[in-house]
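Heads up: the structure comes next, in structure tokens.
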Amino acid sequence: MIFRRSLLLLMLLTILLQGCVVTRGTVGEPLQEEAISGIKKGTTTMAEVVSLIGAPDRIVRGNDREIFHYYYYDGKSPALLLLLLNFIRLDLKSDNLYVFFNRNGIAEEVVYGKRTGRTQFRVWPFGD
Amino acid sequence: MATRSLSRACTIGALGLTLLCAGCSVRRVVFNDVVTPEQVNFIRIGQTTILELADHIGAPDEVNESEFGVVALYNWSDTKSAALDFGTIPRLFLPYAPTMTLTKTGITPEQFQVVFDPQWTVRAYGFSRRTSEDPVIWFWPF
């Protein structure tokens, strides 16, 4: 009896989940907010920023200053691949951190934005 | 009698819906959040700083130096792609797989650009492109 029920449950699950594809892709490492809060404006040096967060993904020069850019991308893509109908959606968002240094190599400003927390597995391609 | 007629109508309806959807493929790729003109209403030229901007709409995706000053770029896009494969149903019955597919993909990269002066206050800003409200399903490529 238990065997038959388990078999039925397994069959039902197989039917329900057939054609489901779940994919997740990331670029880079998530930015650690504790490490970011360790950057003190006016005191933290370039070397200390590197030891806290790691080497930047990009170094930009703007207004005669060095800017360290760190980024992280997170994408979630569920898909429903049925015999006759396919739905695929990819939701991709990025986190960005910029550390602006003054001419002496001291952190002057920190700009951080996190969007990846709002990335969702949504298969329905319609709507917002 | 009424039950049988209802059941027949349901079966025909389900078959019709299946035939209508057969071979449809809908794909959507959404990158980042949309920045709307309403969200950037607060910006005052010569007053708003990069920090205030980040507080309101998040950190930019790129910061580049240009001859006008440093430019912050916010990127987002909503790519919609739909296809209709007329070979889906014959493939279920025929030993070979006929293919006749109509596909349309609309990639709409959009950008919000902000130029800063040397004090990191906004010198100018603008949208590079505006969203056109294309339907999600539109596979006619012509």
Side-chain angles (χ1 to χ4, degrees), chain A residues 25 31 36 41 56-100 102 108-120 122-128, chain B residues 17-35 49-66 69-85 87-89 91-92 115-121 123 135-137:
Chain A
L31 300 165
I36 296 166
K41 293 178 198 174
D57 299 301
R58 283 174 73 221
I59 298 175
V60 190
R61 195 162 174 78
N63 290 339
D64 281 334
R65 286 165 169 81
E66 301 287 337
I67 305 164
F68 280 9
H69 180 196
Y70 298 86
Y71 54 77
Y72 170 65
Y73 287 82
D74 188 6
K76 294 177 181 173
S77 176
L80 198 58
L81 307 176
L82 304 176
L83 273 178
L84 299 174
L85 181 69
N86 296 338
F87 286 139
I88 303 165
R89 183 165 179 153
L90 167 64
D91 193 9
L92 180 65
K93 287 188 174 29
S94 63
D95 294 342
N96 289 282
L97 168 69
Y98 295 90
V99 186
F100 298 76
N102 64 17
E108 197 172 50
E109 211 60 82
V110 178
V111 173
Y112 173 56
K114 184 179 172 70
R115 299 189 186 103
T116 56
R118 297 194 299 276
T119 316
Q120 288 180 318
R122 281 193 299 182
V123 74
W124 191 242
F126 308 100
D128 290 330
Chain B
L17 197 68
T18 309
L19 283 175
L20 201 69
C21 296
C24 272
S25 180
V26 183
R27 302 178 186 92
R28 189 160 178 188
V29 178
V30 180
F31 172 57
N32 275 346
D33 300 323
V34 176
V35 178
T49 64
I50 192 168
L51 269 185
E52 289 166 338
L53 191 71
D55 282 345
H56 280 82
I57 59 172
D61 295 290
E62 283 177 62
V63 171
N64 296 316
E65 185 156 44
S66 76
V70 173
V71 186
L73 305 173
Y74 291 82
N75 301 317
W76 69 96
S77 70
D78 188 356
T79 300
K80 296 161 185 169
S81 175
L84 182 62
D85 183 358
T88 306
I89 290 182
R91 213 171 288 143
L92 298 176
V115 182
F116 293 95
D117 63 19
Q119 283 71 48
W120 297 104
T121 56
R123 175 183 278 174
V136 175
I137 296 185

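Here is the naming used below: chain letters follow the sequence lines, and residue numbers restart at 1 for every chain. Side chains included, hydrogens not; waters and symmetry mates left out as well; all remaining heavy atoms used.
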Let's test your reading of the structure: which of V60(A), L97(A), N63(A), V111(A) forms the most heavy-atom pairs below 4.5 Å with chain B? N63(A)

What residue, out of S25(B), P60(B), S77(B), has the most heavy-atom pairs lying under 4.5 Å from chain A? P60(B)

Separation between CG of L85(A) and OG1 of T88(B), rounded to the nearest 0.5 Å: 9.5 Å

Of the non-hydrogen atoms in G113(A) and A59(B), which two are nearest, and what is the gap between them? N-CB, 3.4 Å

What's the shortest heavy-atom distance between R61(A) and E65(B), and which atoms? O-OE1, 3.0 Å

Tell me which one of V29(B), T79(B), V30(B) satisfies side chain to side chain contact (heavy atoms under 4.5 Å, CB included) with L90(A). V29(B)

Portion of D117(B) that has a non-hydrogen atom of chain A nearer than 4.5 angstrom: backbone

Strictly by salt bridge (charged side-chain N to carboxylate O under 4.0 Å, His left out), give each pair with a member in residues 85-100 of chain A just once, sequence neighbours left out. D91(A)-K93(A), K93(A)-D33(B), D95(A)-K114(A)

Within residues 66-75 of chain A, residues adjacent to chain B where the heavy-atom gap is under 4.5 Å: I67(A), H69(A), Y73(A)

Among D61(B), V70(B), I57(B), which has the most heavy-atom pairs under 4.5 Å with chain A? D61(B)

Between OH on residue Y98(A) and CD on residue E62(B), distance to nearest 0.5 Å: 7.0 Å

I'd like to know which of G58(B), P118(B), S66(B) tops the heavy-atom pair count under 4.5 Å against chain A. P118(B)

Could you tell me the separation between the CZ atom of F100(A) and the CD1 atom of I50(B), rounded to the nearest 0.5 Å? 3.5 Å

Minimum side-chain heavy-atom gap R65(A)-W120(B) below 4.5 Å: yes

Check: S94(A) main-chain N/O paired with N32(B) side-chain donor or acceptor under 3.5 Å: yes

